[in-house]
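To start, the structure under review is shown below, and the notes come after it.
Not measured: the values here are computed from a predicted model.
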Amino acid sequence: MFLSVFDLFKIGIGPSSSHTMGPMTAARRFLDEILAGDWPRPAGVEVDRVGASLHGSLAYTGIGHGSDRAVILGLAGETPQTVDPDEADGIVARIGADKRVSPPGHPSYRFDPAKDLVLDRKTPLTGHANGMAFYAYDASDRLLLKRIYYSIGGGFVVSEEELQRMKAKGSVTTEGKKVPYPFKNAVEMLAMAAKSGLSIAEMKRVNEEKHMSREELDDGLDAIWSAMKGCIDRGLSQDGIMPGGLKVRRRARQLHDKLQEQWQQNRPNPLLANDWLSIYAMAVNEENAAGGRVVTAPTNGAAGTLPAVLRYWLHFHPEADQPGIRDFLLTAAAVGGIIKSNASISGAEVGCQGEVGSASAMAAAGLCAVMGGTPEQVENAAEIALEHHLGMTCDPVGGLVQVPCIERNALGAVKAVTAASLAIKGDGTHFVPLDAAIETMRQTGLDMNEKYKETSLGGLAVNVVEC
């Protein structure tokens, strides 16, 4: 079983990995299927019109999360990795006016977003809460091709057939990749670390280098951190109201300026580290809410926690260096892969415990590792962080990744640092194994009412409006 570090950390745009990056990727996959032509159709008949429908959580919170916008961009040929956030609104506006999409390598297709993009709240797709269907028609509006895709969290998209195969296997895997240390849970990870004498980061590196060169791996890791750092820096430089209608104002820049002033005046602040952590996380998630470029860590909704902890380490720990950044990310990815393979990182599946909870566990593991923690201490740090997010619901107000998501990332970062600090002061022996916490999260997600799983039908999403 192998999930690459680049499966967990994807560079894309906000505000949501499952609601923005996933639908955009699915739209591109559908275009590729049209172009491949590996499907039955009458001779001489060509695709003239395309359409899409969003279901489940994507339908309920799609507008707030920009899912409709993402589908339009995807059908225009854009990808989450390469689309220019500053150009996206112009592309969407042109398509709305022209009622056509012209993706590269394709003919122009009729597509009127007002009619051909449907948010269907009445017809859930049974495979996953984040389901969508894409359609291709001929010039007489006869249906030629229909494909169903599911956005399963963290920007991952699978077809209906792929989802069924995954469910049959009982986990999400990257097929066909054999690695020297194929740990599928924390118990196996610790056993392999003890037998090999390697750290978790070293084992993860050996696994990655089975499929790419060391230079490619390091360049990729450096690019991930560069994107994370760039997102923090941009978030700290922006002011104003975030889009979506809640009229929530950005705060990271103002808080950052106040902290800088205190720093320069040498004023005592016993909460200084927590303040910096919170501001770094908020900067990322404000950028995400505004549709900026972020890194799934492991999702967009939880994108601020891990970069904040890594930036904190660089800020407050003099031993921090570039190799340490890579080890941090590799360790975090190892833990994230275990969580995703055995439970979920999708708010639509298990609530926010799967998003910010997973992010906090990954960040705690990474920080503990670069502070000199043993594999046992790293596993302990991840468990502490995850355990204290269990049961957390996903209830975004207005379907937007703003309230409570932005501050929730900040508190997830604080918990991660606390968990790493507690773990590294012990010897790695603890009562609750990480695997037990992950299984508990999975079971809790199954028991959780759907209105608390990214549908905005319960919790703060309802009560804040009523107040």
Side-chain angles (χ1 to χ4, degrees), residues 186 200-201 228 232 252 255 259 268-285 297-298 301-320 324-325 327-329 331-336 338-339 345 352-392 404-438 440-441:
I200 294 170
M228 288 178 172
I232 293 173
L255 294 172
L259 269 189
N269 179 1
L271 296 176
L272 186 63
N274 282 356
D275 288 345
W276 280 109
L277 271 168
S278 299
I279 289 168
Y280 291 148
M282 290 170 65
V284 171
N285 285 90
T305 295
L306 192 145
V309 174
L310 187 44
R311 182 75 168 255
Y312 151 85
W313 176 65
L314 291 166
H315 189 154
F316 288 100
H317 291 253
E319 75 278 10
I325 293 173
D327 286 345
F328 186 111
L329 293 173
T331 305
V335 169
I338 291 173
I339 295 173
I345 58 171
C352 199
Q353 58 177 349
E355 294 202 45
V356 173
S358 296
S360 187
M362 293 164 65
L367 181 60
C368 186
V370 296
M371 290 196 303
T374 65
E376 290 77 15
Q377 290 170 321
V378 169
E379 185 262 359
N380 188 13
E383 187 282 323
I384 294 171
L386 183 59
E387 178 182 341
H388 297 290
H389 285 87
L390 291 177
M392 184 176 285
C405 315
I406 294 171
E407 289 181 354
R408 187 167 285 175
N409 273 260
L411 272 292
V414 172
K415 286 184 183 181
V417 172
T418 303
S421 180
L422 287 173
I424 207 155
K425 290 178 175 64
D427 62 1
T429 303
H430 57 107
F431 188 77
V432 179
L434 175 58
D435 289 332
I438 293 172
T440 301
M441 183 179 77

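- Residues N269 and L259 are in side-chain contact: their nearest non-hydrogen atoms beyond the backbone lie under 4.5 Å apart.
- Residues A369 and T331 approach most closely at CB-OG1, 3.6 Å, considering heavy atoms.
- Side-chain atoms of T305 and N285, non-hydrogen and from C-beta on, never get closer than 4.5 Å to each other.
- To the nearest 0.5 angstrom, L277 atom CG is 10.5 Å from L411 atom CG.
- Scanning both residues, A186 and I338, for their nearest heavy atoms gives N-CD1, 3.8 Å.
- When all heavy atoms of I424 and C368 are compared, the closest pair comes out as CD1-O, 3.8 Å.
- Between I279 atom CD1 and D275 atom CG the span is 6.0 Å, to the nearest 0.5 Å.
- Here the side chain of Q377 pairs a donor or acceptor atom with the backbone of T374 at under 3.5 angstrom.
- A281 meets the side-chain contact (heavy atoms from CB on, under 4.5 Å) test with A308, N409, A410; sequence neighbours excluded.
- Every residue two or more places apart in sequence or in another chain that forms a side-chain contact (heavy atoms from CB on, under 4.5 Å) with H430 is listed here: E379, N380, E383.
- Contact between L314 and A320 at its shortest, heavy atoms only, is CD2-CB, 3.6 Å.
- Residues E355 and C405 fail the side-chain proximity criterion, which asks for heavy atoms closer than 4.5 Å.
- Checking L390, D435, V432, L386 one by one against T440, the side chain to side chain contact (heavy atoms under 4.5 Å, CB included) holds for a single residue, L390.
- To the nearest 0.5 Å, atoms OG (S358) and CD1 (I345) are separated by 7.0 Å.
- We find the CG-NE2 distance between L272 and H315 to be 6.5 Å, quoted to the nearest 0.5 Å.
- Looking only at side-chain heavy atoms (C-beta outward), M228 and L329 come within less than 4.5 Å of each other.
- By the 30° and 60° cut-offs, the orientation of the rings of H317 relative to Y312 is perpendicular.
- The nearest pair of heavy atoms linking A381 to A364 is O-CB, 3.6 Å.
- No side-chain donor-acceptor contact under 3.5 Å links E387 to the backbone of A437.
- In this structure, the side chain of S360 does not engage the main chain of V356 through any donor-acceptor pair within 3.5 Å.
- For E376, the CD atom is densely surrounded, since the number of other residues' heavy atoms within 6.0 Å is greater than 12.
- Taking all atoms of both residues into account, the shortest heavy-atom contact from H389 to Q353 is O-CB, 3.3 Å.
- F328 is linked by a ring-ring contact (aromatic ring centres under 6.0 Å, His included) to nothing, counting only residues two or more places apart in sequence or in another chain.
- Looking at V417 and N274, their side chains never come closer than 4.5 Å, going by heavy atoms from C-beta outward.
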